[in-house]
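Throughout, protein chains are lettered first and strands after them, A, B, ... in sequence-line order, and every chain is numbered starting at 1.
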Amino acid sequence: MKKSFDSPWVRDNIGDYRNELDLLLKSAQMRAYKGGQPVYIQGERSRTFYFLLRGKVKISIFREDGSEKILAIQEGNTFFGESAAFDDQPYFATATVLEPSEIYVVSRDALSRVIRETPSIAFMLMNALIRKMRLLAFQVEDLSFLDAQKRVVHILLKLVHELGVEKEDGLHIQKRITHDDLARLTGLSRVTVTNVLNYLEKVNILKKRRCSLTITDHERLVNLLGGGLSGEEENL
DNA sequence: TCATTAACAGCGG
DNA sequence: CCGCTGTTAATGA
């Protein structure tokens with residue numbers, strides 16, 4: 001078994017389905033989006049879904065008071081809004097473009113047409129959907145069972161696994177991530193995230209600069225998470 | 001006890 | 001100037 005490192009930072013949904021993707025995108029329309037624009041909003045009904053070719057999109061759930069739970073941050077070669085391809089329920093989340101992006105718009109009708117000719121296109125989408133389902137399930141697990149410190153530790157492990165780069169002083173997370181981002185990803189308050197990060201720095205597990213983190217002692221970070229997570233590898 | 005909200009000050013790009 | 005961070009006080013489960 002592998003550790004549950006599926007990161008909310010989603011970077012490729014395609015895998016071995018290059019040909020299927022090309023066929024699908026032939027019947028899609030490309031649009032350019034500026035940063036800050038919404039692609040769709042929670043509650044909207046639509047018969048179109050999206051493929052992010054290049055750029056960055058945030059998928060999140062907002063409440064009336066403005067608080068936000070980030071479900072995923074997606075970069076190039078990923079699908080989003082897939083629910084609209086399959087049923088008539090409104091979108092359950094909001095998709096916001098974070099930087100200038102090129103996005104293909106695919107209609108449900110076009111999808112069912114190309115699936116009839118090339119059924120493996122359906123498997124491509126199922127593959128993307130299952131990966132997101134797993135990602136969401138792991139977030140539900142953390143929200144249900146982990147305390148604040150472990151939630152921060154786990155998101156750090158996921159991010160470092162997905163985005164980590166070896167540096168002289170440790171594993172560096174090569175993305176601009178604020179304490180606020182971590183709070184919205186983990187369902188914690190910013191104060192709590194800052195406190196945990198300060199503690200981890202005090203005990204020499206990581207170094208932080210503004211918007212940047214370096215893990216200097218990965219092993220002890222893993223130990224802080226402790227056992228008990230499903231899918232976690234046993235080292236006997 | 002642990003975490004949250006609100007508020008504010010200092011830092012720095 | 002504005003966004004990010006560190007910190008405190010008050011409040012709640």
For A/Tyr91 and A/Tyr50, take the angle between the two ring planes, folded into 0 to 90°, and tell me which bin it lands in: parallel under 30, tilted 30 to 60, perpendicular over 60. tilted

Distance-only polar pair, side chains of A/Gln139 and A/Lys158, donor-acceptor under 3.5 Å: no

Rounded distance (Å) that lies between atom [atom2] of [N] and atom [atom1] of [X]:
X        : N     : atom1 : atom2 : value
A/Lys208 : C/dG6 : NZ    : P     : 4 Å
A/Leu197 : C/dG6 : CG    : C1'   : 12 Å
A/Leu188 : B/dT4 : CG    : C1'   : 10 Å

From [options], nucleotide with atom closest to [X] side chain:
X        : options             : answer
A/Asn198 : C/dG3, C/dG6, B/dT4 : C/dG6
A/Arg210 : B/dA3, B/dT5, C/dC4 : C/dC4
A/Arg190 : C/dT8, B/dC8, B/dA3 : B/dC8

Short question: side chain of A/His172, backbone of A/Leu213 - any donor-acceptor pair under 3.5 Å? yes

A/Val140 backbone acceptor or donor facing A/Ser144 side chain under 3.5 Å: yes

Mind checking A/Arg176 for me? I need base, sugar-phosphate or nothing, with any heavy atom below 4.0 Å counting as a touch. sugar-phosphate

So A/Thr178, base contact, sugar-phosphate only, or nothing? Heavy-atom distance under 4.0 Å. sugar-phosphate

